[in-house]
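This report refers to the structure that appears directly beneath it.
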Amino acid sequence: MSSSNKVINKNKLQAPKNLTPSYLIDFINESEIIFFLIRQHKVGFIFDFTKVKQASILGVLCTYKIIEFAAFNYCTTHGQITISSEMDDAFRKFGFTKLINTFLRNPIIEPQRVEKEYKNLEVSIGANFIIAPQALLRHDKSIQSSLNKIYLPKIDEYYKSNEKAVSMIFLVFSEVLLNFWEHAVSDTKSIIVANGNKQNIEIACADTGNGIIETLGKSLFEQDLKPEEVLQLAVKKGVTSKRMTNHMGYGLWILDEIVTRTKGRMHIYSQGAYYINEYGKKKSGSCGYWQGSIVYISLPLLNPITLSDIQPEEINNDLQINWT
Amino acid sequence: MKMVSLLDYSPIISDRLIGDEIYTKIKSTLTTGGPVTVDLDGIKSMATFCAKQIFGRLYLELGSSEFFNQIQLKNATDDVKTIIRIGIQNALEERSAS
């Protein structure tokens, strides 16, 4: 993590016009300053979202996480958060209004109030959309239970006319959730969000805990890799930070394969690096610092892909298993 | 034959703690007198980690013959079957490599 004076001396986070996947790097570049201000109590810092014209669910999620991080880590004091009407609409559309208001409207942050609003995140379903935010709170059994008993069944119900799409979506959820549960280590209040219609679904998850670079990078330290090279390796089959455990290093590889074969999109951002797979074209590089990880996946649902499609030739069908 | 239903864990198994719970449930049912039928009705997906954690471990502990004779897997979708095969296969490959 660089400690550029130019970054630290900034007194403002100016959100770009577009908080959409194609422009998220701009927001990450702009917001990295927050991660340099832990316990700095920077006076009069401005979070300026007045220029935002368009915000996707990914943009809303990352905006919320950066504001939450700043508050819980005493990055600013007497700061100011200003938002455009479009940003306000986006918070409302994606179900984040009450959560974001715990920070916008209260000078003193009450963790219990925030946690209460986490639990109040709801799935909303319309004629041609589903919007589903869900907090992942490790310590809260009711949240974990509601994930399987309420949240995922609603997604299942919405897409029930396309069973293979449901399998694909749930495979993505399985691997994303497992990764965030396992690699976040401490309870960093990850939020997973889904937004879609019958033709497409977006799934995104963000946390501000340990990032992929830190966890995987440690196991690859002898290779002296740049952060973006760590991310390139992270999506390869069999690469894991936890060898000789139940971790197989398949999670991100599966997601990358699904995205490639469906011509979808996947973005991963972690600790100054990004990996992007868009319609099968892959690139990686350096970007602003984000403490933790952001994983974003967008999948067309016309021709869904499941694990059976990805590696039929490598599965050992001679394994003696008693299926009935 | 004794039955272990995974319906309470549906529709996805994506948590290490849940994986431990399921493994323990199957293992303890076996030790009180197998064989056991594991009913995967309702399970639409599973993290590959959990497949290895549960079924890979059982396969290694029991061996291929005992695994086949003592554990029957029922109502698994094709995708869940693939995920379980991958979990078991990876567990075997890792043991061979170590």
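Below, chains carry the letters A, B, ... as their sequence lines are ordered, and counting in each starts from 1.
- Contacts of A:I254 with chain B are made by side-chain atoms alone, with heavy-atom separations under 4.5 Å and no backbone atom involved.
- Between B:K44 and A:D156 there is a salt bridge, with a side-chain nitrogen of the basic residue lying less than 4.0 Å from a carboxylate oxygen of the acidic one.
- Residue B:I83 touches chain A through both its backbone and its side chain, counting heavy-atom pairs closer than 4.5 Å.
- Taking B:S65, B:S64, B:S14 one by one and counting their heavy-atom pairs under 4.5 Å with chain A, the maximum is reached by B:S14.
- In this structure, the portion of A:V166 lying under 4.5 Å from any heavy atom of chain B is its side chain and not its backbone.
- For A:E157 and A:K154, the salt-bridge test fails: no basic side-chain N is under 4.0 Å from an acidic carboxylate O.
- Residues B:K74 and B:D41 have side chains not in contact (no heavy-atom distance under 4.5 Å, counting atoms from C-beta outward).
- Residues A:I294 and A:L58 form a side-chain contact, since some pair of their non-hydrogen atoms from C-beta on lies under 4.5 Å apart.
- Two residues are said to be in side-chain contact when any heavy atoms from C-beta on lie closer than 4.5 Å; B:F55 and A:I321 fail this criterion.
- Of the listed residues (A:N148, A:L171, A:L177, A:I169), the greatest number of heavy-atom pairs within a distance under 4.5 Å of chain B belongs to A:N148.
- Heavy atoms closer than 4.5 Å to chain A are found in the side chain of B:I84, but not in its backbone.
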